[in-house]
Engineer: 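Structure below; questions to follow.
Because the structure is predicted, anything quoted here is derived from the model rather than measured. The residues of the chain are indexed from 1 along the displayed sequence. The basis for the numbers below is simple: all heavy atoms, side chains too, and nothing from hydrogens, waters or symmetry mates.
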Amino acid sequence: MNNLKKYIITIMTISIFVFGCSSEDNSLNNEIDDRGYIDSSRLVSTEWLQNELNNDEVIVIDVRKKDQYDSGHIPGAFHMTPGEVFQQEIDGVKGMLPSASHIEMNLSLAGATPNSTIVFYDGNSNLWSSRGLWALEVYGHKNTKLLDGVWGKWESEGREISTSPPDPKSSNYKFNSSIDNSLIAGLDEIIESIDDPSKIVCDTRSPEEYSGKDVRAERGGHIPNSKNVNWVMGVNDSGEFKSANELKKLYDDAGITDGETIYTLCQTAVRATHTWFILSYLLGEKNVKVYDGSWTEWGNDSSLPIETR
């Protein structure tokens with residue numbers, strides 16, 4: 001009996017140590033979990049990140065402007081310019097997803113490995129961070145997260161700030177899976193969706209861009225039958241994602257969730273990836289794709305139909 005008691009105590013002690021020290025400690029994300037998302041695993045709190053700063057398996061990437069990074073950043077965070085790392089001009093269309101090798105090279109400079117937990121943060125409601133997460137999702141790095149509340153929350157809470165870059169690291173990062181084309185929509189697919197009510201195009205630009213008042217390509221307006229929900233409607237004034245109930249009402253009322261497939265777009269598929277993240281993870285929509293060419297491709301092709309109103 002005494003041996004049995006000792007065995008049970010030993011097992012309990014090991015369990016407390018292993019699970020209590022895990023980087024997946026859900027107790028540090030209670031505020032996020034309480035919002036009712038279908039899947040909150042890709043969002044982390046400032047408290048969670050603070051707890052993981054000394055974890056070599058966690059790579060923190062700051063995608064703000066370089067001067068902002070230099071003025072102060074989360075300790076240990078590496079800087080990346082997202083428009084250079086996660087966008088590239090391809091076949092005359094700006095802002096497209098670069099090759100896997102291009103992103104692998106940049107992840108190697110941060111010392112990342114396929115087993116790394118990569119946490120992105122920016123200064124604008126996870127706008128550019130979501131582009132980074134989506135790009136890694138396409139190429140198969142699944143353990144990628146966004147910092148809820150971004151830099152503004154970290155700073156306002158008085159957490160530690162550094163002005164020194166981390167010690168240089170390097171690795172030979174390689175994606176270990178094939179590209180997931182189910183997350184990307186091409187031009188032909190968007191054209192075919194126009195007259196198909198089971199396919200909904202969600203235009204995440206401002207109402208002025210959508211109506212054609214704010215023209216940022218050769219032509220202004222929107223894709224026929226597309227629906228407009230400005231990406232900024234998905235976050236609160238503090239840059240945190242709104243609750244699941246608020247988000248569901250927002251997209252349901254706009255008719256975005258009426259179809260079987262949802263395509264998101266903006267100007268260069270940055271705002272589009274933010275909405276993709278909300279629809280896919282926070283609301284659990286099963287078939288959401290980013291139109292990577294977005295309005296840059298559509299608005300500059302005079303052969304394609306547009307609407308203005």
Engineer: With a cut-off of 6.0 Å (strictly less than), are more than 12 heavy atoms of other residues, nucleotides or ligands near NZ of Lys248?
Structural biologist: no
Engineer: Do you know the tightest heavy-atom contact between Ala77 and Pro166?
Structural biologist: O-CD, 3.2 Å
Engineer: Would Asp67 and Lys65 pass as an ion pair if we require N to O under 4.0 Å?
Structural biologist: no
Engineer: Using a 4.5 Å cut-off on heavy atoms from C-beta on, say whether the side chain of Ile191 contacts that of Trp298.
Structural biologist: yes
Engineer: Does the ring center of Phe241 lie less than 6.0 Å from the ring center of Tyr37?
Structural biologist: no
Engineer: Is it the case that over 12 heavy atoms from other parts of the model lie below 6.0 angstrom from the CG atom of Asp195?
Structural biologist: no
Engineer: Compare all side-chain heavy atoms of Tyr210 with those of Ser226 and state whether any distance is below 4.5 angstrom.
Structural biologist: yes
Engineer: Taking Asn126 for the side chain and Leu147 for the main chain, is one N or O donor matched with an acceptor at less than 3.5 Å?
Structural biologist: yes
Engineer: Please find the pair of heavy atoms, one from Leu109 and one from Phe78, that lie closest to each other, and give the distance.
Structural biologist: O-CE2, 4.2 Å
Engineer: Just how far is it from atom CD of Glu208 to atom CG of Asn228, taken to the nearest 0.5 Å?
Structural biologist: 9.0 Å
Engineer: Enter the distance from Asp148:CG to Ile32:CD1 here, rounded to the nearest 0.5 Å.
Structural biologist: 4.5 Å
Engineer: Without swapping roles, check the side chain of Arg35 against the backbone of Lys242 for a donor-acceptor pair under 3.5 Å.
Structural biologist: no
Engineer: Tell me if a side-chain donor or acceptor on Ser130 pairs with a main-chain N or O of Leu127 at a distance below 3.5 Å.
Structural biologist: yes
Engineer: Whether Lys153 and Glu31 form a salt bridge (side-chain N of Lys/Arg under 4.0 Å from carboxylate O of Asp/Glu) is what I want to check.
Structural biologist: yes
Engineer: Take a 6.0 Å sphere around NZ of Lys286 and say whether it holds more than 12 heavy atoms from other residues, nucleotides or ligands.
Structural biologist: no
Engineer: Specify the closest pair of heavy atoms between Ser129 and Val63, including all atoms of both residues, with the distance to one decimal.
Structural biologist: OG-CG2, 3.8 Å
Engineer: With respect to His274, which candidate in Phe120, Trp128, Trp231 satisfies the ring-ring contact (aromatic ring centres under 6.0 Å, His included) definition?
Structural biologist: Trp231
Engineer: Closer than 3.5 angstrom, by distance alone: can the side chain of Ser198 be matched with the main-chain N or O of Gly259 as a donor-acceptor pair?
Structural biologist: no
Engineer: Where do Ala112 and Ser171 come nearest, in terms of heavy atoms and distance?
Structural biologist: O-OG, 2.6 Å
Engineer: Membership question, hydrophobic clusters at under 4.5 Å side-chain separation (ILVMFWY): are Leu133 and Ile118 in the same one?
Structural biologist: yes
Engineer: Take a 6.0 Å sphere around CG of Asp91 and say whether it holds more than 12 heavy atoms from other residues, nucleotides or ligands.
Structural biologist: no
Engineer: Could you tell me whether the side chain of Arg219 reaches within less than 4.5 Å of the side chain of Leu304, counting heavy atoms only?
Structural biologist: yes
Engineer: Taking atom CH2 of Trp276 and atom CG of Leu183, what is their separation to the nearest 0.5 Å?
Structural biologist: 6.0 Å
Engineer: Side-chain contact, heavy-atom cut-off 4.5 Å: Thr275 with Val229?
Structural biologist: no
Engineer: Would you confirm whether His102, through its side chain, and Glu84, through its main-chain N or O, come within 3.5 Å as a donor-acceptor pair?
Structural biologist: yes
Engineer: When you compare the side chain of Glu297 with that of Met96, does any pair of heavy atoms fall below 4.5 Å?
Structural biologist: no
Engineer: Report the distance from atom CD of Glu307 to atom OG of Ser211, rounding to the nearest 0.5 Å.
Structural biologist: 12.5 Å
Engineer: How far does OG1 of Thr268 sit from NZ of Lys94, to the nearest 0.5 angstrom?
Structural biologist: 10.5 Å
Engineer: What's the spacing between Ile256 CD1 and Thr264 OG1 if we round to 0.5 Å?
Structural biologist: 10.0 Å
Engineer: Where do Ser41 and Asp39 land on the side-chain hydrogen bond (donor to acceptor under 3.5 Å, both in side chains) test, with the steps shown first?
Structural biologist: CA-CA 6 Å; Ser41 66; Asp39 183 355; 2.6 Å; yes
Engineer: Do the ring planes of Tyr173 and His141 sit parallel (below 30°), tilted (30 to 60°) or perpendicular (above 60°)?
Structural biologist: tilted
Engineer: Can you see which heavy atom on Tyr291 is nearest to which on Ala269, and at what distance?
Structural biologist: O-CB, 3.9 Å
Engineer: State, yes or no, whether a side-chain contact exists between Thr117 and Glu57 at a heavy-atom distance under 4.5 Å.
Structural biologist: no
Engineer: Do Trp295 and Ile223 come within less than 4.5 Å of each other through their side chains, counting heavy atoms only?
Structural biologist: yes
Engineer: State, with a plain yes or no, whether a side-chain heavy atom of Phe175 is found less than 4.5 Å away from one of Ile103.
Structural biologist: yes
Engineer: Would one find more than 12 heavy atoms of other residues, nucleotides or ligands at under 6.0 Å from atom CD of Glu260?
Structural biologist: no
Engineer: For residues Arg271 and Cys266, report the shortest heavy-atom separation together with the two atoms involved.
Structural biologist: N-SG, 3.4 Å
Engineer: Could you walk me through whether Asn29 and Ser45 pass the side-chain hydrogen bond (donor to acceptor under 3.5 Å, both in side chains) test, one step at a time?
Structural biologist: CA-CA 6 Å; Asn29 273 328; Ser45 66; 3.2 Å; yes
Engineer: In this structure, are over 12 heavy atoms from other groups packed under 6.0 Å from Asp34 atom CG?
Structural biologist: yes
Engineer: Has the side chain of Asp62 got a donor or acceptor atom that lies under 3.5 Å from a matching backbone atom of His79?
Structural biologist: no
Engineer: Salt bridge check, Asp180 against Lys289: does any charged N sit closer than 4.0 Å to a carboxylate O?
Structural biologist: no
